[in-house]
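Each remark here refers to the structure printed beneath this line.
It should be emphasised that the depicted structure is a prediction, and the values quoted were computed from it without experimental measurement.
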Amino acid sequence: MAESETPTSYHPDPEDLRRIPVDLFASKKLPDLSSDDLGFVDSSENLVFILRKSSSSLKSLLDSSGVPLFSISRLRNGVWELHKGDIEKRKDLVLTVKRTSKRFSKTELEVSFAGESSQVLVIKGCPFQKSCTIYSKDSIVAQTSLMYKLRQIYVGRSKFRLTIFPGSIDHSLVVAMVAVFLQG
């Protein structure tokens with residue numbers, strides 16, 4: 001092969017990357033996490049988000065370096081608020097989550113964004129099985145499922161996958177919504 005025919009390396013267009021679903025894997029058994037933390041890693045096992053429990057009604061979503069992104073607070077029976085920043089500083093209200101249905105095997109939550117009455121998301125699923133689907137009108141925003149393996153009779157609930165489909169919702173917001181779903 002002549003020098004002029006050397007293949008150039010492929011650099012994907014950022015627009016193409018926004019059209020690819022992203023998988024995050026959640027587990028409490030990751031290195032450098034305390035016993036109450038839930039970590040989210042990408043497919044290369046790089047830590048992306050940390051969900052830290054402060055009390056029974058307060059949680060913080062941190063980025064991989066430990067910087068607080070959102071604080072999640074449970075207000076009363078079936079209502080949660082998500083604020084920007086640390087728990088103590090609770091800056092701007094980002095969204096409110098309200099439980100609309102709870103049965104033994106199925107829970108349904110409605111997510112309303114602050115300042116935007118037009119966009120409402122619905123989360124449906126079963127917290128015990130760590131499986132839910134987040135809907136925006138008629139499209140799927142994200143989905144969680146337990147990690148199954150071939151020839152595995154018992155499926156552990158300590159690890160699960162979060163698939164975020166392409167769209168306009170920030171990944172950290174999706175992780176925060178899943179955290180609310182698992183709590184409620």
Side-chain angles (χ1 to χ4, degrees), residues 14-26 37-42 47-103 106-127 129-145 160-184:
E15 286 297 317
D16 289 340
L17 292 177
R18 289 185 211 144
R19 288 182 246 160
I20 299 172
V22 174
D23 281 334
L24 296 177
F25 303 92
D37 290 352
L38 178 65
F40 290 84
V41 296
D42 61 12
L47 188 63
V48 182
F49 300 110
I50 302 167
L51 184 65
R52 181 156 293 150
K53 183 177 180 180
S54 300
S55 70
S56 62
S57 62
L58 293 173
K59 291 187 179 187
S60 294
L61 182 64
L62 314 171
D63 67 7
S64 60
S65 60
V67 175
L69 300 173
F70 300 108
S71 62
I72 304 165
S73 54
R74 186 177 190 158
L75 300 180
R76 53 191 178 280
N77 193 18
V79 178
W80 294 264
E81 284 186 348
L82 185 83
H83 294 267
K84 281 185 184 177
D86 199 6
I87 289 176
E88 288 84 29
K89 298 177 184 170
R90 290 189 209 163
K91 294 179 184 175
D92 303 323
L93 178 66
V94 178
L95 56 88
T96 303
V97 180
K98 185 182 203 180
R99 184 182 313 130
T100 55
S101 171
K102 182 174 182 169
R103 286 180 250 139
K106 189 175 181 182
T107 299
E108 189 172 316
L109 305 172
E110 187 175 286
V111 180
S112 303
F113 289 89
E116 289 184 38
S117 60
S118 62
Q119 186 172 13
V120 174
L121 302 177
V122 176
I123 306 172
K124 295 180 182 181
C126 178
Q129 295 177 344
K130 292 196 173 32
S131 77
C132 72
T133 304
I134 302 174
Y135 299 94
S136 174
K137 296 180 184 169
D138 60 348
S139 64
I140 296 176
V141 173
Q143 197 167 14
T144 64
S145 60
F160 65 95
R161 174 189 326 222
L162 168 61
T163 303
I164 304 171
F165 296 99
S168 60
I169 297 179
D170 187 67
H171 293 181
S172 60
L173 276 175
V174 172
V175 171
M177 286 186 265
V178 168
V180 168
F181 176 79
L182 295 175
Q183 186 181 12

Do you know the tightest heavy-atom contact between F181 and L109? CA-CD1, 3.7 Å

At what distance, to the nearest 0.5 angstrom, does NZ of K59 lie from CD of Q183? 4.5 Å

Please identify each residue that fulfils side-chain hydrogen bond (donor to acceptor under 3.5 Å, both in side chains) with Q143, with sequence neighbours left out. none

Quick one: list whatever passes side-chain contact (heavy atoms from CB on, under 4.5 Å) with I140, sequence neighbours left out. T133, Y135, F165

If I compare all heavy atoms of S73 with all of H83, which pair ends up nearest, and what's the gap? OG-CD2, 4.4 Å

Over all atoms of both residues, closest heavy-atom pair of S60 and S54: OG-OG, 4.3 Å

side-chain contact (heavy atoms from CB on, under 4.5 Å) between M177 and V141, intermediate numbers included: CA-CA 11 Å; M177 286 186 265; V141 173; 5.7 Å; no

For R103, all residues meeting side-chain contact (heavy atoms from CB on, under 4.5 Å), sequence neighbours excluded: S101, K106

To the nearest 0.5 Å, tell me how far L82 CG sits from D92 CG. 11.0 Å

Would you say C132 and C126 make side-chain contact, with heavy atoms under 4.5 Å? no

Using the test side-chain hydrogen bond (donor to acceptor under 3.5 Å, both in side chains), find all partners of S136 that sit at least two apart in sequence or belong to another chain. none

Could you list the residues that satisfy side-chain contact (heavy atoms from CB on, under 4.5 Å) with V48, not counting sequence neighbours? L24, D42

Listed by chain and number, what are the salt bridge (Lys or Arg N to Asp or Glu O under 4.0 Å) partners of D23, not counting sequence neighbours? R161

Atom pair OG1/CG of T96 and L75 - distance to nearest 0.5 Å: 8.0 Å

Mind checking what makes salt bridge (Lys or Arg N to Asp or Glu O under 4.0 Å) contact with D63, not counting sequence neighbours? none

On a heavy-atom basis, the closest approach of R99 and N77 is NH1-OD1, 3.5 Å

If I take atom CG from residue L95 and atom OG from residue S112, how far apart are they, to the nearest 0.5 angstrom? 8.5 Å

In chain order, what residues pass the side-chain contact (heavy atoms from CB on, under 4.5 Å) check against A26, with sequence neighbours excluded? L38, F40, F160

Taking all atoms of both residues into account, what is the closest heavy-atom pair of R52 and L62, and its distance? NH1-CD1, 3.4 Å

Separation between OG1 (T144) and CZ (F25), nearest 0.5 Å, reads 13.0 Å

Are any non-hydrogen side-chain atoms of T100 and V122 less than 4.5 angstrom apart? no

Just to verify, what does S131 make a side-chain hydrogen bond (donor to acceptor under 3.5 Å, both in side chains) with, not counting sequence neighbours? none

Would you say I134 and V178 make side-chain contact, with heavy atoms under 4.5 Å? yes

Minimal heavy-atom distance between K53 and D37, with the atoms involved, is N-OD1, 4.4 Å

Side chains of L51 and I72 in contact at under 4.5 Å (non-hydrogen atoms): yes

Less than 4.5 Å apart, any side-chain heavy atom of V175 and any of L162? yes

